[in-house]
Structure formats: C-alpha cells, structure tokens
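Each residue takes its place number in the sequence, starting with 1. Counting starts at 1 for both ligands and their atoms, in listed order.
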Amino acid sequence: MEQTSLFGEVRSARNQVAVAFVPDFAGWQAAARAQWQAGTPPEAIWWQPDRQAMAGGETDGSAPRVPRAFVSLARTAACHRSADRWALLYQLLWRLTHGERHLLELSGDPQVARVNAYAKAVRRDIHKMKAFVRFRAVAEPDAPDDAPRYVAWFEPEHFIVEKASGFFRRRFANMRWSILTPYRCAHYEGASAGGVWFSPGTDKSAAPEGDVLEDAWRTYYRSIFNPARVKISAMRSEMPVKYWKNMPEAHLIPQLLREADRRVEVMQEQVKDRDVMRCGPRPISPEAEHAHALARSPANTLDRLALQARTCCNCPLGEKATQTVFGEGPRTARVMIVGEQPGDSEDLAGRPFVGPAGQLLDRALAQAGIDRAALYLTNAVKHFKFEPRGKRRLHARPDDAEVFACKPWLDNEIELVEPTLIVAMGATAGRVLLGRPVQVTRERGMIVSHGDRRILLTVHPSYLLRLPDAQVAKRATAQFSRDLAQARAWL
Ligand code: URA
C-alpha cells in the first residue's frame with residue numbers, strides 16, 4: 001500500500017521512501033549512491049523500478065567505497081529477474097560500508113548466499129544464450145550488399161541480453177544480426193556501423209520460423225551425435241528442454257535417442273569387420289627400458305656390469321651427478337688404466353677420459369706408441385663429485401667412504417677383464433688398488449705386485465694440467481709418457 005506524505009513524497013505502508021530508478025545496474029547505482037549519501041538505511045527504502053525515472057537525485061560527489069568484487073557481483077546479480085534484487089544489493093552495499101567490509105567472504109551469510117545464487121543463475125543463463133541462439137537468414141530488401149540479416153529468437157530467464165550481446169558482437173562481427181527476446185532485442189549492423197543497439201522486447205511471431213541453414217544444422221548435429229555416449233540426464237541439464245523449440249537440430253533428439261541402441265550395435269558390428277587401427281609402439285620409461293636391458297644382458301659381462309652400475313646408490317654421489325660413467329674398452333684388453341673419477345665433461349658425455357685430462361692422456365699414449373683402443377679405461381669412482389660455483393662445477397676429491405663404496409665395481413671390472421697390467425694414475429687410484437696410501441712422486445714409474453696383480457703407478461693427467469710452469473709441465477708430461485710406455489711391453 002502506498003500513500004503520499006504531507007511533503008509530497010510517496011511512502012509505503014511501512015513508511016518507507018519510494019525511490020524511483022531506471023531498472024538497470026547504472027540506474028540503481030545512481031539512485032543507491034544518492035540514498036547512501038543521504039544516509040538512508042536499507043529498511044527505509046521502497047525501490048520503485050521506473051523506465052521513465054530521472055537519474056539518482058542530488059549527490060555531493062562522494063561515493064561509497066566498496067570492494068571491487070562487489071561491483072562486479074552486483075552488476076551480474078542486477079540482471080536476475082527477482083524483484084527483490086535491488087533491495088538486496090542496497091542492503092549489501094550498506095553493510096559493506098558500515099563495519100562489514102569483509103562481508104562477501106562470509107558465503108554462509110543469507111544475503112551473501114542469495115546474491116551469489118543470483119549471479120550464478122545469470123551467468124548460467126548467459127552461457128545458455130551463447131550456446132543455444134540459432135540464427136535464421138532473413139532477406140533484407142534494402143540491404144546494400146544483398147546480404148541477409150540473421151535473426152534469432154531466444155527466451156532468456158533473466159535480463160541478460162545487454163550483458164551477453166558483447167559475445168555475439170565479437171563472434172558475428174561481419175554479419176548483420178538481431179536477437180529477439182520477450183523483454184529486449186539486440187541488433188547489430190556490422191563492424192563498420194557502430195555497436196550493438198537495443199529495442200523493446202517483442203513476441204515470437206516477429207522471428208522467422210525456418211531457413212535453408214536449418215538443414216545444415218540438422219546434418220551437422222546428426223553427424224556429431226554419438227549414440228554410444230548418450231547420457232540423457234546430462235544432456236537435459238546441459239541443453240534444457242525449454243530451449244529445444246528454438247533449435248532446429250533439437251527436433252532430431254527424440255528420434256536419435258530411440259535409435260541409439262540399434263546404432264551402437266551396428267557400430268560394434270562394423271568394428272568387428274574392420275581392421276582395428278594400430279598405433280606405433282608405446283614409449284617406455286627409462287626405468288622400464290633399463291629393467292628390460294638388464295633382463296636381456298648375459299651374466300658375467302661388462303655390459304651387464306655397466307647396466308647394474310647405472311642405478312648404483314652405494315654412496316650419495318650419484319644423486320648429484322648426471323650419470324654413472326663406467327669403464328670402456330675391450331674385455332680382452334691386456335692393460336687397464338684407472339683414473340680417479342669422471343670430470344665435468346665425462347659426467348655429461350657418460351664416457352671416461354673425454355675432457356681435457358683425457359685429451360692429455362691421449363697425447364701421452366700416442367707419444368708412448370700405445371693405441372687407446374687396445375686399453376680398458378676406467379676410474380676408481382664412477383660418479384663426478386663436484387662443488388657448484390656459479391654456473392661451474394668444480395672437481396672435488398672423493399673421500400675414503402666414497403672411494404671404497406665404489407670399489408666393488410672396479411674389482412668386478414678387473415675380474416672380468418683380467419688385465420696383465422693395471423696403470424694407476426694418481427693417489428686415489430693407487431690407494432684403492434694397492435690398499436694403502438701412496439706417494440705418487442716417490443713411487444711412480446715402478447711396476448709392483450699386489451696379490452696376483454701387477455700395478456704401475458704414475459701421475460694423474462689433471463696434475464700435469466695444473467702445473468703452473470710450462471717448462472716443468474713439459475718435462476713432467478714427457479716423463480708421464482715414458483711411464484706409460486712401460487705398458488707397451490704388456491699389451
Ligand atoms: N679424470 C679422471 O680421473 N677420469 C676421467 O674420466 C676424467 C678425468
């Protein structure tokens with residue numbers, strides 16, 4: 001019940017002030033701002049949607065400060081069809097600006113829950129409109145290019161035409177189109193003719209009933225309809241029956257559903273008769289590949305030993321190194337050369353003695369008249385130990401625990417190759433092979449027996465690379481070569 005107060009204001013029976021406003025988000029926003037500035041609490045306002053209303057009234061320029069999320073939520077919820085949405089939005093605005101700034105985080109609050117539900121329903125309706133609008137081509141006698149106008153009829157649940165129109169403008173930018181609905185119609189005259197414009201709603205008789213495109217729609221739909229994947233309840237919820245009447249392809253649905261079982265049977269029959277499509281071999285993981293290779297490798301071979309060493313975790317060095325660097329060379333080699341541990345290049349290449357120290361060794365071997373290919377080359381430790389320094393990895397000497405954790409691999413290599421001479425290069429190799437600390441500079445160049453092994457101790461090529469004096473380095477390298485030359489007699 002409404003009545004006129006002594007001062008000419010329209011008041012409801014509950015003595016509320018009637019606030020007339022244009023019923024869209026901008027209209028409500030202007031009116032709400034004026035009421036908020038006047039300090040009018042929510043319970044004192046009677047919201048009166050009125051298309052002819054004047055803008056919000058006098059304001060002093062200050063605006064309520066609300067979280068940005070509220071503006072966007074309110075803009076969406078304002079499209080809901082429920083009449084109470086305007087009062088609800090003002091109640092939220094009031095609470096947000098009167099001590100409840102974090103109100104929207106309380107999803108259990110009844111007003112917050114209601115506004116969220118409204119926004120969700122609106123978003124869903126927009127989604128449906130995007131999915132189910134079907135344009136029909138209509139000849140336009142005055143069109144400059146003879147191109148038709150595309151016209152669609154759609155019945156949204158909420159007031160979403162304006163909000164959804166941006167999608168159609170972008171998607172159908174090169175067409176002239178109109179979307180007719182009972183409350184509002186949207187029209188677009190092509191990219192060169194400005195934006196979307198709106199006119200009042202109309203009824204369905206204004207929309208065309210069918211056109212040549214409809215056969216195309218039906219053919220397309222029939223071809224993508226998969227009878228083996230029919231889920232009727234999911235289909236009904238995604239494409240509610242109320243939209244079917246405006247979608248040409250929807251008339252096929254009952255028939256396609258009736259035929260679905262029979263079509264699945266036919267498909268299954270056809271598959272039986274046809275060659276099943278084959279694809280290439282499935283890639284297997286490195287772990288599985290390793291396991292297969294191990295299972296195939298014969299016992300007591302260097303290959304098997306190398307495969308086993310790949311997953312060695314006797315010490316922690318393998319965790320940081322790129323890979324295990326196992327020995328290489330013929331099993332029949334008479335001479336075995338043992339270094340300390342792979343360096344940076346070996347760690348990356350997965351092969352021993354390929355970096356600077358390896359190249360020096362190659363030169364010294366060549367000088368000694370020894371063919372590297374005739375030797376078995378390996379290291380006391382099979383993983384690179386290093387200290388990171390910026391982008392570089394600096395060699396770090398392996399400690400006793402690491403050296404002896406790796407010893408079983410070296411012992412197995414020696415057992416399989418059975419070399420007549422082992423050349424130990426450097427203190428680490430000497431210690432592990434002779435079972436005691438060695439003084440390389442004093443003991444080098446002598447062949448000693450250790451059990452049934454003959455061992456020639458010499459310097460490590462890295463030591464030669466580190467010598468600062470070129471003349472000293474030259475002499476030491478020549479002596480290294482002479483040490484190695486002793487091995488020639490054992491080949
Ligand atoms: N130093 C070694 O002891 N071994 C290698 O493989 C490379 C450098």
Side-chain angles (χ1 to χ4, degrees), residues 302 305-306 309-310 312 315 317-318 320-330 333 335-366 368 370-389 392-407 409-414 417 419 421-434 437-438 440-441 443-444 455-467 473 476-477 479-481 483-484 487:
L302 286 167
L305 203 60
R310 267 201 221 168
C312 175
C315 79
L317 291 187
K320 290 200 188 142
T322 310
Q323 56 193 315
T324 304
V325 179
F326 207 70
E328 69 175 24
V335 174
M336 177 182 281
I337 293 193
V338 182
E340 183 197 65
Q341 62 160 348
D344 187 78
S345 314
E346 287 79 14
D347 171 77
L348 298 174
R351 293 184 51 211
F353 295 104
V354 293
Q359 285 156 21
L360 193 154
L361 174 64
D362 284 349
R363 287 195 296 277
L365 285 171
I370 296 173
D371 177 11
R372 172 173 165 146
L375 309 174
Y376 187 88
L377 293 163
T378 192
N379 285 295
V381 172
K382 309 291 195 246
H383 283 122
F384 178 36
K385 180 174 179 182
F386 61 90
E387 296 292 342
R389 246 343 111 68
R392 296 177 60 214
R393 304 187 297 171
L394 300 187
H395 166 275
R397 182 171 286 237
D399 60 28
D400 275 358
E402 290 151 355
V403 171
F404 284 92
C406 220
K407 189 164 176 291
W409 299 117
L410 181 60
D411 288 342
N412 274 292
E413 286 174 294
I414 295 171
V417 177
L421 179 72
I422 303 175
V423 180
M425 298 193 304
T428 303
R431 181 162 44 112
V432 76
L433 285 163
L434 291 168
V438 293
V440 179
T441 40
E443 301 181 45
R444 63 174 302 172
I455 295 165
L456 167 62
L457 181 67
T458 186
V459 293
H460 192 284
S462 305
Y463 156 79
L464 300 171
L465 289 173
R466 285 195 303 270
L467 287 173
T477 306
Q479 196 184 353
F480 174 55
S481 214
D483 288 349
L484 293 176

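Looking at atom 3 (O) of ligand 1, its nearest protein heavy atom turns out to be H460 NE2, 2.6 Å. Nearest to atom 2 (C) of ligand 1 among the protein's heavy atoms is Q341 O, 2.9 Å.
The side-chain contact (heavy atoms from CB on, under 4.5 Å) search around A424 returns A429, L433, I455, L457, not counting sequence neighbours. Every side-chain contact (heavy atoms from CB on, under 4.5 Å) that K320 has, sequence neighbours left out, goes to F386.
Defined by atom type and a distance below 3.5 Å, a donor-acceptor pair is missing between the side-chain atoms of Y376 and E328. In this structure, a donor-acceptor pair under 3.5 Å is present between the side chains of Q341 and H395.
Close approach to N379 involves these atoms of ligand 1, each under 4.0 Å from a residue heavy atom: 2 (C), 3 (O), 4 (N), 5 (C), 6 (O). Residue G339 approaches ligand 1 through these ligand atoms, each under 4.0 Å from one of its heavy atoms: 3 (O).
Taking distance alone, with nitrogen or oxygen atoms compared against 3.5 Å, F353 approaches ligand 1 more closely than that limit.
Side chain of E340 to main chain of A380: no donor-acceptor pair is present (N/O by atom type, distance under 3.5 Å, no hydrogens or angles).
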